[in-house]
Amino acid sequence: MDLKDLYQDIILDHNKAPRNFGKCSSCSHSAEGLNPLCGDELIVYLNIEDGVIDKVTFEGTGCAISIASASLMTERLQGKPLDEAEKVFGVMHDMLVKDDADTDLASLGKLGALAGVKEYPSRVKCASLCWHALMAAINNEAIATTE
């Protein structure tokens with residue numbers, strides 16, 4: 001199995017069985033993410049305690065890339081400090097949108113599976129939607145959009 005096949009399997013698995021999916025009634029922060037271009041709609045929920053993401057969940061509907069990205073994001077950020085979440089957001093954003101991004105995919109772990117999305121510009125917003133919603137929630141903004 002080559003790396004491309006492994007990455008495709010990760011995306012398919014996280015779309016079929018998303019991790020941390022569901023509304024969090026005890027969370028302190030949330031934001032809705034909207035991608036009007038393709039109709040993806042997600043809500044990211046965070047419980048932040050002492051500068052740490054104690055809990056992160058999401059709910060909503062979207063394409064396989066959107067759901068898989070959100071699922072992978074929640075796995076990566078559960079229990080992490082806010083500054084690390086912001087750093088990972090920056091790395092993901094650069095990986096998805098910058099032509100000259102020199103991303104260390106190994107440092108991203110499973111999130112590296114989304115690197116191939118860059119080759120499909122219409123799908124970049126699908127992969128980045130949950131990340132924009134995450135940052136909106138951290139900054140106490142209600143809505144994030146990819147437009």
Side-chain angles (χ1 to χ4, degrees), residues 1-24 26-35 37-139 144-146:
M1 174 181 287
D2 73 13
L3 198 56
K4 198 171 190 176
D5 291 337
L6 175 63
Y7 281 172
Q8 184 175 5
D9 288 346
I10 290 170
I11 290 170
L12 293 173
D13 178 49
H14 277 265
N15 175 57
K16 194 180 264 186
R19 283 41 156 205
N20 304 303
F21 187 85
K23 185 174 184 175
C24 175
S26 64
C27 287
S28 59
H29 297 68
S30 67
E32 183 176 10
L34 303 171
N35 183 350
L37 187 63
C38 71
D40 295 340
E41 295 182 28
L42 300 173
I43 301 173
V44 173
Y45 300 97
L46 303 170
N47 190 50
I48 300 172
E49 292 187 20
D50 299 323
V52 173
I53 299 173
D54 181 56
K55 184 169 189 166
V56 55
T57 66
F58 76 101
E59 66 177 353
T61 59
C63 66
I65 297 293
S66 180
I67 298 298
S69 184
S71 177
L72 289 160
M73 178 189 75
T74 64
E75 273 195 335
R76 174 64 183 260
L77 299 180
Q78 195 91 330
K80 302 293 189 229
L82 289 175
D83 61 342
E84 184 173 336
E86 292 169 358
K87 180 181 174 188
V88 175
F89 167 82
V91 171
M92 289 296 296
H93 182 267
D94 288 353
M95 177 184 74
L96 291 169
V97 302
K98 289 189 176 179
D99 288 334
D100 62 347
D102 187 25
T103 307
D104 176 11
L105 295 182
S107 73
L108 287 175
K110 290 180 185 178
L111 287 170
L114 297 167
V117 171
K118 180 191 243 178
E119 296 175 31
Y120 305 94
S122 64
R123 306 311 300 237
V124 168
K125 292 179 179 186
C126 302
S128 63
L129 178 63
C130 63
W131 294 91
H132 289 289
L134 167 80
M135 295 309 297
I138 289 172
N139 293 313
T145 182
T146 57

Asp50 atom CG, over 12 foreign heavy atoms within 6.0 Å
no
Taking the side chain as everything from C-beta on, heavy atoms only, tell me whether [X] gets closer than 4.5 Å to [Y].
X	Y	result
Met92	Val88	yes
Leu111	Met95	no
Lys125	Leu129	no
Trp131	His93	no

Is there a donor-acceptor pair closer than 3.5 Å between any side-chain N or O of [X] and the backbone N or O of [Y]?
X	Y	result
Lys110	Arg76	no
Ser128	Val124	yes
Glu32	Ala133	no
Ser71	Arg19	yes
Ser28	Ile48	yes
Arg123	Gly116	no

With sequence neighbours excluded, what pairs up with Cys63 under the disulfide bond (SG atoms under 2.5 Å apart) test?
none
If I take atom [atom1] from residue [X] and atom [atom2] from residue [Y], how far apart are they, to the nearest 0.5 angstrom?
X	Y	atom1	atom2	value
Thr57	Lys23	OG1	NZ	10.0 Å
Leu42	Ser66	CG	OG	4.0 Å
Leu72	Ile10	CG	CD1	7.0 Å
Cys130	Asp40	SG	CG	10.0 Å
Leu134	Asn139	CG	CG	9.0 Å
Glu86	Ile138	CD	CD1	5.5 Å

Looking at Tyr45 versus Phe58, is the centre-to-centre ring distance below 6.0 Å?
no
For Lys16 and Asp9: C-alpha separation, side-chain torsions, deciding distance, then whether salt bridge (Lys or Arg N to Asp or Glu O under 4.0 Å) applies.
CA-CA 10 Å; Lys16 194 180 264 186; Asp9 288 346; over 6 Å; no
Considering all heavy atoms, the nearest [X]-[Y] contact:
X	Y	result
Leu114	Ser69	CD1-OG, 3.5 Å
Asp54	Glu49	OD2-OE2, 3.9 Å
Thr74	Val56	O-CG1, 3.5 Å
Ile53	Ala85	CD1-CB, 3.7 Å

Test side chain to side chain contact (heavy atoms under 4.5 Å, CB included) on Asn35 and Cys126; report intermediate values, then the result.
CA-CA 7 Å; Asn35 183 350; Cys126 302; 4.1 Å; yes
Go through the structure and list residues passing ring pair (Phe, Tyr, Trp, His ring centres under 6.0 Å) with His132, not counting sequence neighbours.
Phe89
